[in-house]
Amino acid sequence: MCLAVPSKIVSIDSMLMATVDVMGISRTCSLRLVPQARVGDYVLVHAGFAIQLIEEQEAAETLALFHELPGLFEDELGEDLTAEAEQRTA
Amino acid sequence: MQLSDFRDPELTKELLETLRKLCGDRTMNLMEVCGTHTVSIGRYGLRKAVPEGVKLLSGPGCPVCVTSNHDIDTAIAMARVPNVTVATFGDMVRVPGSSTTLGAQRAHGADIRVVYSPLDALEIARKEPQHNVVFIGVGFETTMPVVGASIQMAAEEGLQNYFVLSAHKRTAPALEVIANDPQTRIDGFILPGHVSTITGVEPYRFLAETYGIGGVVTGFEPVDILNGITRLAAMVVQQKPAIENAYSRGVNNNGNLTALATIKDVFEPCDAQWRGLGVIPLSGMRIAEKYRAFDALEAFEPDVEPVRETKGCRCGDVLRGRIAPDACPLFGRACNPENPVGPCMVSSEGSCAAYYRYRDTPL
Ligand code: SF4
């Protein structure tokens, strides 16, 4: 029930209401809880309200982190897996 | 945005391999406390894919499921008040209360409408001034600011026929009850994504500091979840419990300050009864004095029937992670999604429903 769907703001109408694009479908949502959002931004929408701005930068960083994972636990994993992972991300 | 990267089978395999090497033959109990995680873990077959020693338990993550029979009965009683239109998220309609459901009341002529957002309920109130619209406010911190905002809007517009029955619940107090439960040993919490979007990570710190249990805020794709699990496993192995945010694309560490201010403006903490967990001090949210005029309980004082619990349903134990859904004797037999006995089988996010739907899912 806490589902929140990434949506792109297409236009901002009056009263902090916006038209957003959710995977090709046009919906309206309130920007009351994310008043700093601008046209073109991605937001997470829950029950008709944007609840969070999504930075594309953040998405890329999260992915980069996954690739570093084996390196984080070097002690437990031993050298070989870390080296393997380095090769893959190189 | 490349969501597909978070479903990458190669990366998934890589993470599982890392996890396997990290865990060796250790055993650990990790609990997810968000219904959306429960569904994702089922859908991608992760419960069986993780190393044997890693037990993934489901906790009280489904808002409808943790709602007490009394609160469901109260919603049903609202629908019987003359001239009241009940507006609710769809999940609530089929949930059994002590003797009936909202859905059954609708079949008997009660005015009950399923809405996707409290904004829809506001719209009904604007268009139908002859009806008193009661929105059933069920949900965790993700939903509180949304419902709170609808009350603020009603106040700004001077709407006099919009009301909320507030049965909202806070996540952290329930985690504390589970951390204290002598019958379940939890080694790490997979912390909810969109609850944390609102709250940030601060409310979970006590888990690591007081109880020595780590937690990782996690997204909903398989790579997100396995990443969260691997980080938790590392904390267990290294005996360094901490609270981490591994879902920075959806969660700021401080949460959403505008949303938090909305919650603070509209609601105030109160004790609340949870299914399975009993009364937890200050875990509920009632409507604050300033917005009392919008409180459905104050406005209608409905006649609520005495509570009767459903015989044989083990939802309470399921919600605490004391038993897995398939350990309930009714699971899949007397109780299935077509004929649900308890709320955990009704809501698609309920643990029983998710285990049933994905019981044969391979990775
Ligand atoms: S399987 Fe059905 S009866 Fe058993 S705990 Fe789940 S919802 Fe309740």
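Below, chains carry the letters A, B, ... as their sequence lines are ordered, and counting in each starts from 1.
Among all heavy-atom pairs drawn from F49(A) and P118(B), the shortest one is CE1-CG, 4.3 Å. Across all their heavy atoms, L119(B) and S30(A) have their closest contact at CD1-CB, 4.1 Å. The nearest pair of heavy atoms linking A259(B) to L33(A) is CA-CD2, 4.0 Å. Here the closest heavy-atom approach between residue A47(A) and residue S117(B) is recorded as O-OG, 2.8 Å.
One distance of note links CZ of R32(A) with CE of M153(B); it measures 5.5 Å at 0.5 Å rounding. With rounding to the nearest 0.5 angstrom, the CG atom of L44(A) is 10.5 Å from the CG atom of N256(B).
Of the two parts of V115(B), neither the backbone nor the side chain holds a non-hydrogen atom closer than 4.5 Å to a non-hydrogen atom of chain A. Within the 4.5 angstrom heavy-atom criterion, no atom of E10(B) approaches chain A. For a residue to count as touching a neighbouring chain, one of its non-hydrogen atoms must lie under 4.5 Å from one of that chain's; by this rule I51(A) touches chain B with backbone and side chain alike.
When side chains are defined from C-beta on, N252(B) counts as touching Q52(A), because their heavy atoms get closer than 4.5 Å.
In this structure, Q36(A) places its CD atom where more than 12 heavy-atom neighbours from other residues, nucleotides or ligands lie under 6.0 Å away. Crowding of D25(B) atom CG: a count of heavy atoms from other residues, nucleotides or ligands under 6.0 Å not exceeding 12.
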